[in-house]
Student: 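One structure coming up, written as structure tokens, with questions to follow.
So that the names make sense, note that chain A is the first sequence line, chain B the second, and so on, each numbered from 1.
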4 protein chains.
Amino acid sequence: MNKIRIAINGIGTVGKRIAHAVKLQDDMELIAISDVAPTPTLRTVLEPNGPLYGVDLYASNKWGLENLRNAGMYVNGTLEDLLKNGAVDVVVDATPAGIGEKNKSLYEKYGVKAIFQGGEKSYVAQVSFNAIANYEDAIGKQFIRVVSCNTTSLCRTLWHIDKAFGVDEVFVGLVRRAVDMWNDKKGPVDAIVPDLKFPSHHGPDVQTVMPWIRIKTLAVKVPTTLAHVHQVHVRLKTEVSREDVISVFNYATRILVFKGSEGYTSTATIIERFRDLLRPRHDMYEVAVWEETIGVDDKDIYWMHAVHQESIIVPENIDAIRAAIGFEDKWKSIKKTNESLGIQK
Amino acid sequence: MNKIRIAINGIGTVGKRIAHAVKLQDDMELIAISDVAPTPTLRTVLEPNGPLYGVDLYASNKWGLENLRNAGMYVNGTLEDLLKNGAVDVVVDATPAGIGEKNKSLYEKYGVKAIFQGGEKSYVAQVSFNAIANYEDAIGKQFIRVVSCNTTSLCRTLWHIDKAFGVDEVFVGLVRRAVDMWNDKKGPVDAIVPDLKFPSHHGPDVQTVMPWIRIKTLAVKVPTTLAHVHQVHVRLKTEVSREDVISVFNYATRILVFKGSEGYTSTATIIERFRDLLRPRHDMYEVAVWEETIGVDDKDIYWMHAVHQESIIVPENIDAIRAAIGFEDKWKSIKKTNESLGIQK
Amino acid sequence: MNKIRIAINGIGTVGKRIAHAVKLQDDMELIAISDVAPTPTLRTVLEPNGPLYGVDLYASNKWGLENLRNAGMYVNGTLEDLLKNGAVDVVVDATPAGIGEKNKSLYEKYGVKAIFQGGEKSYVAQVSFNAIANYEDAIGKQFIRVVSCNTTSLCRTLWHIDKAFGVDEVFVGLVRRAVDMWNDKKGPVDAIVPDLKFPSHHGPDVQTVMPWIRIKTLAVKVPTTLAHVHQVHVRLKTEVSREDVISVFNYATRILVFKGSEGYTSTATIIERFRDLLRPRHDMYEVAVWEETIGVDDKDIYWMHAVHQESIIVPENIDAIRAAIGFEDKWKSIKKTNESLGIQK
Amino acid sequence: MNKIRIAINGIGTVGKRIAHAVKLQDDMELIAISDVAPTPTLRTVLEPNGPLYGVDLYASNKWGLENLRNAGMYVNGTLEDLLKNGAVDVVVDATPAGIGEKNKSLYEKYGVKAIFQGGEKSYVAQVSFNAIANYEDAIGKQFIRVVSCNTTSLCRTLWHIDKAFGVDEVFVGLVRRAVDMWNDKKGPVDAIVPDLKFPSHHGPDVQTVMPWIRIKTLAVKVPTTLAHVHQVHVRLKTEVSREDVISVFNYATRILVFKGSEGYTSTATIIERFRDLLRPRHDMYEVAVWEETIGVDDKDIYWMHAVHQESIIVPENIDAIRAAIGFEDKWKSIKKTNESLGIQK
């Protein structure tokens, strides 16, 4: 079987991770990456010691071509040059929010498939995607949007709970990290910043994947960099026991259950586990549920989970590529992706 | 009418504020303060420029007497010396959590009334108290416990909502400040720390005041010092409009409605308002609800509010003193307290 | 004697404090304040409960006039309307950095005196000013620039040390707070950000006041809001004892010596002292030197001090007003200012 | 040649890194690790996916044996059991500060060599060690102390500067990270905390390695987790040009020069580079000097550098092992260590 030929457009927080993940797949080939600016990250990943050494660099557009060449980088041409050669099957568009939508006509022009990220409006794609929740809907589609980090974590957990017990309604209070670790510009330094609308966009975004879920969300931003935390209340259609809920999370793929009693007391101690496992960039692809926070009261269940905002969408992008190309076996794709990334469950 | 004679035991974050507030009441007299250690705060408030200059200092116990005298402070004796003279009607016990319970026998021995704080177990007192929610239950009681900052904010808001519309059930996700501004020892620096149990103690604590409210809570701690934020979901017994809810909060005492659109975008910008008003120590006695976060969906209502953990319980302590002494007019007490502290509504 | 008639242009972090301080002077009259936007601060200070209630509001310019009126605020006209009436002797320009320079022609046009802030280039004024270091140079000048918070703290401490012992050369490592408490936009959240040039501008800025001081500085920005800290190394022209240095700081006005052993272990515990003194907005007008950090080694002396970036320049502005108007007695002005603001030494 | 047989006592922040680094050396064999408690880190590194999978676990002492076995871990015995068998040539003691000193008699009893860490007093070892500065002094010694992270960075930079130009005297203002990333207990959250003594211990600690250097240091702690930053002023014995200084740093091993103009604007952006290089745990073994902060003024030079407190001492420990065992070629050891760890220069 021929390998799926892939280009990654935009080598930022998300793009650099997906590029590396693509290189780990035995059914994919990373043909090229493209960007517009000589960022420290772009230079670093292409260094002889870097994880993308030897990958062909293109410019996302003509302005970028000039920009990168002025900075002394070797650029093979524009992304359009590459696409017109028919050298690419799927572009993963990991450009900043809103730029993906502008790029769409390019992908249409050359008939390539494209995976967009959660920062884009849902209408940019034919389907908003989560591997666990609706892989089937994306099979063979040209344009797929992988939902954002927060939405991904909610789709994973709610899909499993819904399948097991039936979800009646959901409320989530999101506590978002303010910035990623590398961002030294934005704050706040000492404040809690509410998302000043109701509902926050997260609830409706879950519904782009699972429209049957009744869900409302509120969100705040807090001065930390490591991970988001969600406080979840779900009303089920049936009564369950606490053990039932724990079992679902213990069984489900891409969900890990951590015990505070074993030292996993915060986002910091959980992230340290992934440093200790030598995961690249300490990425945590899994949702991390704290067992002690799981509570049950008749039909009501409660829990808290942590979300590594930089990396949780990486496995979903890999699966989205397979779905786009028409690979039909959802669980086989998930298993392949998991094994390649060191996701054990 | 004779003034109520008051001693404050414990001049920490809470005690120093209540002592100052007592001095602002025309029906109260601050007889003495007591403590055990020559902290910067104790020394500062007693300086000629300090707000408690001239108030008699006692030691909370014999060990404290030695400790304070060794530090060169002038101490009039122990709190017991003072109580045995019958010089005090009410002691406000603002000692660290758990110490109040140990002090109780002293107050019993001399038949003085005592106001405990929310760090104490509820059984220490005959009634757990919130001025708005259950002033009546505390009238004439010897031992009253003013509930903690988080619980106080929930009692105020939920009592008004319950009275207006009838509350069916409540879920709150609490986002707690990690430490007060002065605390340079504890963290976290860069983590979100979940309260590792379900429910967190806040829900049951609300029920010590309003046992009829069905409420569940989850809580996290985040690296900020200024205020807590609550994400609240209430199911009502009847449908309401968003305007109805805003009206209730606009009408209610000790609740302020802030608009993000007017610049009140976070706990930081709200606290700055109280610096600009020259409130002592920038204290915010009121609950601060963000209008934009108020949402209504049939019988479900949602909002976020901020809680100044250092000072929200100050007016409640003043009212608790009046209740203890048998002052029967709840709303008159609240009004007196509000006016003395600059609470406009 | 007629009171000095003053307008404050720009009611931000600095302007709101100077306006309030002017109101506390018996030889000054706050004629008006002006601004361009209906910020929460501007609205708050003008409320019936606010510290500037009743002060006439003007717009800094025509655009501001429209802006403020559209927001429903009562505006008396533009600052130019006010100045052309000859109603003002001195304008304190506390507009954002760089705007003061643009405003200068307005002040020139109407022959009013103006006090600029440290964000302006030094050439905007005839003299860069620190009350302790060079009050005399500013007497009768039309345009005076009060140097920034960091520079003010260095001028105060170095002037006294220089006068006592003779300063040969100075190196300072500045550790700057990232943002003020109210700022919920800027970071960093978890990083140390170096000032990427040598020397940082602070050394040359000290020399605008004390050109004879040889000084080099480096600076970093760190995620805190409360105060800056300076790490200072001074080589003297003569040997001194540690006691000599402590004596100088103990004697000097607007410098306080704090002991860690008494609980003043950080910027947080020091700022809490000013909350406990009920200083408006917990302002600390004084430089805070930690006694334990004072070290002496022959001719070399070392110390660390904290700087409250929001308020340290307030007394200097008051003195600058007096100097501008020709008041000749430096120490009398300093003493008046100190007493009005509660500065004890 | 036989491999050097090594045990690591204490698998915390330092020990886990050294253990992994030992596994990467072709002339060393990791015989065992030992600890006393079933921490998340100990469990994780021994998992099938962990970097120390298959390494024999011992208990540091009898209490630890019980503790680990009670937690269900497989333990081969105590460290003493291992040492009495003569199975180990060198123990790297990475236990908490002060414990190493207590362990010393055990190492003496069995005649094994031991490498201590910088948290121990200098008298615990025959030599305080930095590979660049005094490898020669440690050759064949039984007890070697690798100095702490801050001291290591100063030894590296000052040794090279001293060798090139001759150092007359040094002042450093240290800006220390408050806690490591995983630590969710300690603060401060929003404060700068001075080290309340002069000089801070860092200057004298440099002199344990380079006693001829005149150095004074002051230090503060700030709310960040990623790295320390040093503000350095060195007076040389001769005049140099800025280019000379840059050349020295560009040439020197284990020192990297970063340009802010290329996006390396803070500790956060520099650390992200090592995430992008997929360095385990994003470790930065090198000192990171910011080029723009390098300043020269006759004989005076200035710069700022960042120190990754968790990992900078890893290569020094590897070299210390070789020195202990009598390996005589300093630069060959440094080269071997560098290559094994991906240190390019």
Student: Just so I understand: if I count every heavy-atom pair under 4.5 Å between each of Pro223(C), Pro188(C), Pro194(C), Ala268(C) and chain D, which residue has the most?
Tutor: Pro194(C)
Student: Against Phe165(C), only a single residue in Val167(C), Asp168(C), Asp162(C), Ile161(C) fulfils side-chain contact (heavy atoms from CB on, under 4.5 Å); can you say which?
Tutor: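 That would be Ile161(C).
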Student: Got a salt bridge between Arg273(D) and Glu262(D), using NZ or NE/NH1/NH2 to carboxylate O under 4.0 Å?
Tutor: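 No salt bridge links Arg273(D) with Glu262(D).
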Student: Taking all non-hydrogen atoms of both residues, which atom of Cys155(D) and which atom of Ala133(D) are closest, and how far apart?
Tutor: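 The pair with the smallest heavy-atom distance is CB-CB, 4.4 Å.
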Student: With respect to chain D, which residue among Val172(C), Val189(C), Asp297(C), Thr265(C) yields the maximal number of heavy-atom pairs within a distance under 4.5 Å?
Tutor: Thr265(C)
Student: Pick out which of Tyr302(D), Phe198(D), Phe171(D) makes a ring-ring contact (aromatic ring centres under 6.0 Å, His included) with His233(C).
Tutor: Phe171(D)
Student: Tell me, out of Ala227(C), Ser261(C), Ala219(C), Gly260(C), who's got the most heavy-atom pairs with chain D below 4.5 Å.
Tutor: Ala219(C)
Student: Check whether Ile271(C) gets within reach of chain D through its side chain, its backbone, both or neither, counting any heavy atom under 4.5 Å.
Tutor: neither
Student: Taking His230(C) for its side chain and Met304(C) for its backbone only, find out whether a donor-acceptor pair lies under 3.5 Å.
Tutor: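 No.
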Student: For the pair Asp205(C) (side chain) and Val147(C) (backbone), establish whether a donor and an acceptor sit closer than 3.5 Å, ignoring hydrogens and angles.
Tutor: no
Student: Non-hydrogen atoms of chain D under 4.5 Å away: do they reach the side chain of Val232(C), the backbone, both or neither?
Tutor: backbone
Student: Could you check which of Arg177(D), Lys221(D), Arg235(D) has the highest count of heavy-atom pairs closer than 4.5 Å to chain C?
Tutor: Arg235(D)
Student: Quick check on Lys216(C) against chain D: is it the side chain, the backbone, both or neither that has a heavy atom closer than 4.5 Å?
Tutor: side chain
Student: Salt bridge between Glu316(C) and Arg156(C), side-chain N to carboxylate O under 4.0 Å?
Tutor: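 Yes.
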Student: Between Val220(D) and chain C, with a heavy-atom cut-off of 4.5 Å, which part of the residue counts as in contact: side chain, backbone, both or neither?
Tutor: both
Student: I need the residue from Leu218(D), Thr293(D), Val296(D) with the largest number of non-hydrogen atom pairs under 4.5 Å to chain C.
Tutor: Leu218(D)
Student: Side chain of Trp290(C), backbone of Tyr264(C): donor and acceptor closer than 3.5 Å?
Tutor: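 Side chain of Trp290(C) to backbone of Tyr264(C), a donor-acceptor pair under 3.5 Å: yes, one is there.
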Student: Using only heavy-atom distances, determine whether the side chains of Ser247(C) and Asn250(C) contain a donor-acceptor pair under 3.5 Å.
Tutor: no
Student: Which bit of Ala306(C) comes within less than 4.5 Å of chain D, counting heavy atoms only: side chain, backbone, both or neither?
Tutor: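 Neither part.
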Student: Does the plane of the ring in Phe274(D) sit parallel, tilted or perpendicular to the ring in Phe258(D)? Use 30° and 60° as the thresholds.
Tutor: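 Aromatic pair Phe274(D)/Phe258(D) classed perpendicular.
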Student: I'd like to know which of Thr267(D), Val222(D), Val193(D), Asp190(D) tops the heavy-atom pair count under 4.5 Å against chain C.
Tutor: Asp190(D)
Student: Identify which of Leu226(C), Leu196(C), Ile192(C), Ile270(C) forms the greatest number of heavy-atom pairs closer than 4.5 Å to chain D.
Tutor: Ile192(C)
Student: Check each atom of Val175(C) against the heavy atoms of chain D and say whether the ones under 4.5 Å are side chain, backbone, both or neither.
Tutor: both
Student: Between Ile294(D), Asp195(D), Thr269(D), Val229(D), which shows the greatest number of heavy-atom pairs under 4.5 Å with chain C?
Tutor: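 Going by pairs under 4.5 Å, I would pick Val229(D).
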Student: Looking only at heavy atoms and a cut-off of under 4.5 Å, which of Lys197(C), Glu292(C), Gln231(C) has the most pairs with chain D?
Tutor: Gln231(C)
